[in-house]
> 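Structure provided below as structure tokens; questions to follow.
Within every chain, numbering begins at 1; the chains are lettered A, B, ... in the order of the sequence lines, protein sequences first and strands thereafter. Quick caveat, the model's predicted, so the values are computed rather than measured.
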Amino acid sequence: MIDLKLLQKDFDGVSRALMRKKVTLETINTLKERSELLKTAKATFEASQAEQNAMSKLFGQYKREGKDINELKAKVDANKAKTAELQESMRQAEESLTTLIMGIPNTPDADVPDGESEDDNVEIKKVLTPKSFDFTPKEHWELAEQNGWIDFERGVKISKSRFSVSYADGARLERALINFMLDFNRERGFVEVSVPVIVNRRSLEATGQLPKFEDDLFKIEDENLFLIPTAEVPLTNFFRDEIISADKLPVLMNGYTPCFRKEAGSAGRDTRGIIRQHQFHKVELVAFTKQENSDKIFDKMVQTASDILTALELPHRLVQLCTGDLGFGAAKTIDLEVWLPGQNTYREISSISNTRDFQARRAKIRYKEGKKNLLVHTLNGSALAVGRTMVALMENGQNEDGSISLPKVLDKYL
RNA sequence: AGAGAGGUGGCCGAGUGGUCGAAGGCGCACGCCUGGAACGCGUGUGUAGUUUAUUCUACCGAGGGUUCGAAUCCCUUCCUCUCUGCCA
């Protein structure tokens, strides 16, 4: 949620930032109007309520002293009706503001490049050089089938399209990667956490998936519960409605979960293979920091994810997302894209975001600084998407006969 | 899933219509005491909005109702605990 006080104070600055995220000036103006309306409505109501409270107190006093209450009662009755009306209009103002603001994205950082789509993202650097093959490298689905690692048809039979089965060495590699990543992140200071993969509506509102993106989520019928699209949701909600003592910060977490996404709107994209599945494994980093430290922790998270790829000997690059590609809650995002020789391109394998206080304001996660309670900054990032890591290992490690050489860091996990 | 009990501040816990944002205790912070510490004593200690500030408003799981006035009465709902059932 964006900072309404800041909008009041620096309307031009905030609206300029929001317009970079394609929020129309009309919407921003409405937002400002509604927040001012609420403020006045609240003030009027509270004044009337104060009057009511004062008279009610008098009422008790009169009764105790045996005074006549008829006149007072008439006054109090009249004020009561007025107060109820004021309260109702305050409620309406509140509701219309909430509805609007919950759908407003975060403001991008000043240094985020402008752009329309992923084509305008800015490459920051490349790590490791893709090796050249003296044969035509295959795509991962071919290798996966040839090695008996992934069974696509049976995944569809058991569930539906965009589901697959990892099998034998494929399943073992998957598990090895999860363990490897969890250990790697833990050694970097991220405490391992295992969380529910089914969460309630409030949790998804806090992180920003709801109310706007309900169509992307698998919902449990009749329960008002949802399958998580990322461990970011349960991990970030760990501290929801809490005040963390400042000396505990930063809190760095690391968790593995399966993730579930409907992939509505991506029909026809990545239909072959396991690049885009309804269910996939991911190890996620989440951090809670003091406001002044989130940039530092952000860099640490990017470095950690990049180092995992390096340890796995996977060539990759860092890309800073432009405003047009930035997610709903993110102020700043760096994607890690891994080289896929079969596809002859870099593909996203991790996305690391600083949401600053956007999620913290929705989730009411604060810390105490002196006498004041401040919103934490929350950050999240994959380290890494497991399925896509398998894809990269297959395509980069393939030999001419279709067998696959795996990096030696995985030896002790296999 | 059935039966019962219950949800109050960081924690425990009192409070059945007004003087209750809420006794008391624990914890925590500061001060006194001490060579230093424990003990003891004193003071302070919820969140959010509003205001320059005092103030004021809201919050005793959530939502609604009764009333001039609700932590307290009524309704709905969520959650927790105990027993029974089921089950990794």
Side-chain angles (χ1 to χ4, degrees), chain A residues 1-9 31-32 34-99 101-102 194-206 210-211 219-226 234 237-249 251 257-258 288 357-376:
Chain A
M1 206 152 71
I2 65 157
D3 186 352
L4 278 175
K5 271 190 204 156
L6 191 65
L7 181 77
Q8 305 270 4
K9 218 167 61 187
L31 187 66
K32 186 167 189 247
R34 288 189 191 178
S35 80
E36 275 162 2
L37 183 71
L38 175 61
K39 205 172 157 177
T40 0
K42 219 170 184 172
T44 345
F45 161 70
E46 284 180 2
S48 179
Q49 181 67 255
E51 218 178 302
Q52 186 77 3
N53 289 345
M55 285 194 281
S56 288
K57 229 168 212 175
L58 255 187
F59 199 99
Q61 198 183 317
Y62 277 27
K63 270 191 115 169
R64 248 174 285 127
E65 292 167 0
K67 285 191 188 164
D68 177 48
I69 33 182
N70 286 330
E71 195 184 333
L72 182 62
K73 175 134 168 58
K75 263 167 77 181
V76 125
D77 278 338
N79 191 60
K80 189 188 180 184
K82 187 185 90 186
T83 308
E85 271 172 44
L86 289 172
Q87 183 170 30
E88 183 50 31
S89 47
M90 180 186 77
R91 253 183 225 153
Q92 279 172 17
E94 212 161 29
E95 197 188 314
S96 72
L97 178 64
T98 306
T99 310
I101 200 173
M102 287 298 276
S194 178
V195 286
V197 300
I198 297 175
V199 298
N200 57 36
R201 183 171 283 276
R202 176 85 168 80
S203 291
L204 287 153
E205 283 168 353
L210 290 180
K219 187 175 181 184
I220 316 268
E221 246 180 285
D222 306 326
E223 292 280 356
N224 216 9
L225 293 169
F226 300 82
N237 275 277
F238 187 86
F239 286 121
R240 169 153 54 81
D241 297 322
E242 293 191 32
I243 298 170
I244 310 171
S245 77
D247 55 19
K248 287 219 170 67
L249 294 175
V251 176
T257 66
F288 306 84
D357 61 13
F358 185 82
Q359 291 179 327
R361 186 171 290 108
R362 289 176 164 231
K364 298 190 170 66
I365 307 173
R366 292 145 294 170
Y367 66 101
K368 211 173 258 300
E369 185 81 58
K371 276 199 153 286
K372 288 200 78 170
N373 292 325
L374 300 172
L375 294 167
V376 299

> If I take atom CG in residue A:D241 and atom P in nucleotide B:rA62, what distance separates them, rounded to the nearest angstrom?
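From A:D241 CG to B:rA62 P: 11 Å.
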> Please measure how far the P atom in B:rU16 lies from the corresponding atom in B:rG7, and state the result in whole Å.
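That atom pair is separated by 13 Å.
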> Given the C1' atoms of B:rG9 and B:rU45, what is the spacing between them in whole Å?
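11 Å, rounded to whole Å.
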> Could you list all N or O pairs between the protein and nucleotides 44-55 of chain B that sit under 3.5 Å apart?
{"residue": "B:rU47", "atom": "OP1", "partner": "A:K368", "partner atom": "NZ", "Å": "2.7"}
{"residue": "B:rU47", "atom": "OP1", "partner": "A:N373", "partner atom": "ND2", "Å": "3.0"}
{"residue": "B:rU47", "atom": "O3'", "partner": "A:R366", "partner atom": "NH1", "Å": "3.0"}
{"residue": "B:rA48", "atom": "OP1", "partner": "A:R366", "partner atom": "NH1", "Å": "3.4"}
{"residue": "B:rA48", "atom": "OP2", "partner": "A:N373", "partner atom": "ND2", "Å": "3.2"}
{"residue": "B:rG49", "atom": "N2", "partner": "A:E46", "partner atom": "OE1", "Å": "3.3"}

> To the nearest Å, give me how far apart CG (A:L38) and C1' (B:rA58) are.
13 Å
> Please tell me whether A:S203 and A:N200 have a donor and an acceptor in their side chains that are separated by less than 3.5 angstrom.
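Judged by distance alone, the side chains do pair up.
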> Just wondering, are more than 12 heavy atoms of other shown residues or ligands nearer than 6.0 Å to NZ in A:K75?
no
> How many whole angstroms separate atom NZ of A:K73 from atom P of B:rG69?
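Atom NZ in A:K73 sits about 8 Å away from atom P in B:rG69.
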> Taking a pair as Watson-Crick or G-U wobble with both distances under 3.5 Å, which nucleotide is matched to B:rG36?
none
> Could you work out the separation of B:rC28 and B:rG10 based on their C1' atoms and round it to a whole Å?
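My reading of the C1' atoms in B:rC28 and B:rG10 gives 9 Å.
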> Rounded to whole angstrom, note down the P distance from B:rC83 over to B:rU77.
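Per the computed distance, 26 Å lies between those P atoms.
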> For B:rC33 and B:rU54, measure between their C1' atoms and round to the nearest Å.
36 Å
> Of all the heavy-atom pairs spanning A:A360 and A:V376, show the shortest one and how long it is.
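Answer, listing the atom of A:A360 first, then A:V376: CB-O, 3.2 Å.
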> Measure the distance from NZ on A:K364 to P on B:rC59 and round it to the nearest whole Å.
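Between P of B:rC59 and NZ of A:K364: 15 Å.
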> In whole Å, measure the gap between the P atoms of B:rU57 and B:rA5 for me.
37 Å
> Measure the CD1-CG distance between A:I365 and A:N373 for me, rounded to the nearest 0.5 Å.
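Here the rounded value is 13.5 Å.
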> With rounding to whole Å, what would you report as the distance between B:rU47 and B:rU43 at their C1' atoms?
23 Å
> Determine: side-chain N/O of A:N53 to OP1/OP2 of B:rU57, distance under 4.0 Å, yes or no.
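A:N53 to B:rU57 OP1/OP2: side-chain N or O found under 4.0 Å.
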> Taking all non-hydrogen atoms of both residues into account, name the closest pair between A:R34 and A:L97 and its distance.
CB-CD1, 3.9 Å
> Is any side-chain heavy atom of A:K219 closer than 4.5 Å to a side-chain heavy atom of A:R201?
yes
> With rounding to the closest Å, how many angstrom separate the P atoms on B:rU72 and B:rU55?
26 Å
> With both distances under 3.5 Å as the test, what is the Watson-Crick or G-U wobble partner of B:rU67?
none
> Return the value, rounded to whole Å, for the distance between atom CD of A:Q49 and atom C1' of B:rA58.
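From A:Q49 CD to B:rA58 C1': 9 Å.
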> Provide the Watson-Crick or G-U wobble partner of B:rU55, both distances under 3.5 Å; none if there is no partner.
none
> Go nucleotide by nucleotide along RNA chain B from the 5' end; which of A:V76 and A:G60 gets its closest nucleotide reached first?
A:G60
> In whole angstroms, how far is the C1' atom of B:rA58 from the CG atom of A:L86?
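Checked: the CG to C1' distance equals 15 Å.
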> Should we say atom CD of A:E88 is surrounded by more than 12 heavy atoms from elsewhere, each under 6.0 Å from it?
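For A:E88, atom CD is crowded (more than 12 foreign heavy atoms under 6.0 Å).
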> With a 3.5 Å distance limit and no angle check, can you tell me whether A:S48 reaches the backbone of A:T44 through a side-chain donor-acceptor pair?
no
> Who is the Watson-Crick or G-U wobble partner of B:rU50, with both distances under 3.5 Å?
none
> Starting at NZ of A:K248 and ending at P of B:rC28, how long is that distance when rounded to a whole Å?
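Atom NZ in A:K248 sits about 13 Å away from atom P in B:rC28.
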> Using Watson-Crick or G-U wobble geometry with both distances below 3.5 Å, tell me the partner of B:rG24, or none.
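Here B:rG24 is engaged in a pair, and the nucleotide opposite it is B:rC12.
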> Using purine N1 to pyrimidine N3 plus N6-O4 or O6-N4 for Watson-Crick, or N1-O2 and O6-N3 for G-U wobble, both under 3.5 Å, which nucleotide pairs with B:rG31?
B:rC41
> Could you pull out the closest heavy-atom pair between A:A41 and A:M90, with the gap in Å?
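Heavy-atom minimum between the residues: CB-CA, 3.9 Å.
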> Quickly work out the A:M90 CE to B:rA58 C1' distance and round it to whole Å.
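Nearest whole value for this atom pair: 8 Å.
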> If B:rG7 has a Watson-Crick or G-U wobble mate with both distances under 3.5 Å, name it; if not, just say none.
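Pair assignment: B:rG7 / B:rC78.
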